[in-house]
Each structure stands twice: as structure tokens, then as C-alpha cells.
Amino acid sequence: MGKDTIADIITLIRNADMSGKRTVQIPLTNIIENIVKILLREGFVENVRKHQENDKYFLVLTLRYRRNRKGSSKTFLHLKRISTPGLRIYSNYQRIPRILGGMGIVILSTSRGIITDREARLERIGGEVLCYIW
């Protein structure tokens, strides 16, 4: 794990999704917990539970897959990190990008916490663009 915890978590989820794993275990921080709550609420993740090992807390995510007629699973989750520690990307509420014409979501860090692009437009606040999910 590097210094950018959000990018590390996105990479863990993306790798588990591409390799076909049903669950992924990620370290628990407040920011990660808020991002995972958004993923659960928007339907990108099936289930989330807390797990403790040796005084360390983890979140165990159950990923969602699409099934086709032949029974094989395809990746369902596409994540892209936007703002990095070396280059922060900020946006006001009018310039928040729409992902796939509104089908995807943008996760923002605002003065009112970590919220989605739809909530930011409704509350008319901008913030740091953390990641895109579609």
C-alpha cells in the first residue's frame, strides 16, 4: 500500500473484479468507509461487512457480477482515479462531469463530506473530484 489510499483501494477492487473474485478485503479508514457506502447505495457492490484481525479493521466487499446465458461472469465495475496527491482536481457544481450521460457516478470530497455528483448538483456545492465509477 502506498501513500494514496484511495488509489490503492480502487486498484484492489478493480483487480478483484477483473480476476473474478467474489469478495475483496480492504483496510478500513473513514474516507474508504464513506466511498464504500456510496458504492453500496448506488448498487455497484452487493454487500459490505466489517472484519477484525489482530486489532486491525477491514471491510469485506462482495462484488456484483453480470451473468450471461452461458454462466460465465463479466466484470461489472469500472473505476478511475482522477484527483491524485500530486495533482488535485477541483470542480464547482456546474462543471462536474457526467459519466456515460448520467449512468455512471462521480465521487466528490466536499465540505459536507464525500458525496456523489447528483447530490452535489442538488446541494449546489463543488469539491475535489476523487474518482469516476461506471
Side-chain angles (χ1 to χ4, degrees):
M1 296 293 243
K3 304 248 183 211
D4 189 5
T5 58
I6 297 173
D8 292 338
I9 299 308
I10 287 173
T11 303
L12 284 172
I13 294 171
R14 187 185 312 119
N15 289 343
D17 188 42
M18 287 191 306
S19 67
K21 291 185 179 179
R22 288 288 290 165
T23 60
V24 61
Q25 184 175 352
I26 57 175
L28 178 64
T29 63
N30 289 333
I31 294 173
I32 299 307
E33 187 175 15
N34 290 332
I35 291 173
V36 168
K37 283 180 185 177
I38 290 174
L39 289 175
L40 183 64
R41 186 176 66 226
E42 295 290 328
F44 291 106
V45 175
E46 278 186 23
N47 190 14
V48 177
R49 64 181 173 88
K50 287 185 182 178
H51 179 67
Q52 181 181 5
E53 277 184 22
N54 302 333
D55 297 332
K56 291 185 181 180
Y57 289 92
F58 296 96
L59 288 176
V60 179
L61 307 178
T62 305
L63 302 178
R64 174 167 285 168
Y65 287 98
R66 282 186 254 182
R67 301 272 180 207
N68 60 15
R69 291 182 208 163
K70 297 176 184 172
S72 64
S73 61
K74 290 188 175 182
T75 58
F76 181 69
L77 205 53
H78 299 278
L79 300 123
K80 183 176 182 186
R81 176 79 159 124
I82 302 302
S83 184
T84 62
L87 179 63
R88 303 287 185 184
I89 306 294
Y90 296 95
S91 177
N92 63 8
Y93 76 94
Q94 296 163 334
R95 294 184 185 256
I96 297 172
R98 295 186 190 272
I99 306 302
L100 293 178
M103 296 295 290
I105 62 170
V106 177
I107 296 181
L108 296 144
S109 176
T110 66
S111 59
R112 297 189 187 156
I114 296 178
I115 59 176
T116 64
D117 56 337
R118 287 181 221 119
E119 295 167 349
R121 285 188 195 97
L122 286 175
E123 295 182 16
R124 301 174 75 98
I125 57 173
E128 181 183 353
V129 180
L130 295 178
C131 60
Y132 297 160
I133 302 169
W134 71 94

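Throughout, residue positions are numbered sequentially from 1 according to the sequence presented.
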Practice problem: Give a yes or no answer on whether the side chain of D17 reaches the backbone of L77 with a donor-acceptor pair at less than 3.5 Å. | Solution: yes

Quiz item: Short question: side chain of R95, backbone of P97 - any donor-acceptor pair under 3.5 Å?
Solution: no

Quiz prompt | Intermediate values then yes/no, side chain to side chain contact (heavy atoms under 4.5 Å, CB included), I133 and I38 | solution = CA-CA 11 Å; I133 302 169; I38 290 174; 5.9 Å; no

Exercise. Please report the shortest heavy-atom distance between T5 and I32, naming the atom on each side.
Key: O-CD1, 4.2 Å

Quiz item: Taking atom CD of Q94 and atom CZ of R124, what is their separation to the nearest 0.5 Å?
Solution: 7.0 Å

Self-check item: Closest non-hydrogen atom pair, G127 against T110
Solution: CA-CG2, 4.3 Å

Quiz item: For the hydrophobic clusters of this structure (ILVMFWY residues joined by side-chain heavy atoms under 4.5 Å, transitively), does one cluster hold both L39 and V48?
Solution: yes

Quiz item: Does L40 share a hydrophobic cluster with I13, counting links as ILVMFWY side-chain heavy atoms below 4.5 Å and allowing steps through other members?
Solution: yes

Quiz item: Closest approach of F44 and W134, non-hydrogen atoms and distance?
Solution: CE2-C, 4.1 Å

Quiz item: When the ring planes of F58 and H51 are compared, do they come out parallel, tilted or perpendicular, using 30° and 60° as the limits?
Solution: tilted

Self-check item: Pairwise distance CD(E53) to CG(D55) - rounded to 0.5 angstrom
Solution: 11.0 Å

Quiz item: Under the 3.5 angstrom rule, does the side chain of R121 hit a backbone N or O of I96 as a donor-acceptor pair?
Solution: yes

Quiz item: If you group Ile, Leu, Val, Met, Phe, Trp and Tyr by side-chain heavy-atom gaps below 4.5 Å, do L130 and I89 land in one group?
Solution: no

Quiz item: Hey, is the main chain of L63 close enough, under 3.5 Å, to the side chain of R22 for a donor-acceptor pair?
Solution: yes

Quiz item: Would you find more than 12 non-hydrogen atoms of other residues, nucleotides or ligands less than 6.0 Å from R88 atom CZ?
Solution: yes

Quiz item: So among V129, T116, I82, which one has a side-chain contact (heavy atoms from CB on, under 4.5 Å) with V106?
Solution: V129

Practice problem: Group every Ile, Leu, Val, Met, Phe, Trp and Tyr by side-chain heavy-atom contacts under 4.5 Å, then state whether L100 and I105 land in the same group. | Solution: no

Quiz prompt | Shortest non-hydrogen separation from L79 to R14 and the atoms involved | solution = O-NH2, 3.1 Å

Quiz prompt | From OG1 (T62) to CZ (R49), nearest 0.5 Å | solution = 7.0 Å

Self-check item: Minimal non-hydrogen separation, I10 against C131, with atom names
Solution: CD1-CB, 3.7 Å

Quiz prompt | Minimum heavy-atom distance between Y93 and A120, given as atom pair plus value | solution = CB-O, 4.0 Å

Quiz prompt | Test side chain to side chain contact (heavy atoms under 4.5 Å, CB included) applied to E128 and L108, step by step | solution = CA-CA 5 Å; E128 181 183 353; L108 296 144; over 6 Å; no

Quiz item: Judged by atom type as modelled, is there a donor-acceptor pair below 3.5 Å linking the side chain of R64 to the main-chain atoms of G43?
Solution: yes

Quiz prompt | Shared hydrophobic cluster, V45 / I31 (ILVMFWY, side-chain heavy atoms < 4.5 Å) | solution = yes

Quiz prompt | OG1 on T11 to CE on M18, rounded to 0.5 Å | solution = 9.0 Å

Quiz item: How many angstroms lie between atom CG of L61 and atom CD1 of I26, to the nearest 0.5 angstrom?
Solution: 4.5 Å

Quiz prompt | Value rounded to 0.5 Å, distance of CD1 in I107 from CD in E42 | solution = 8.5 Å

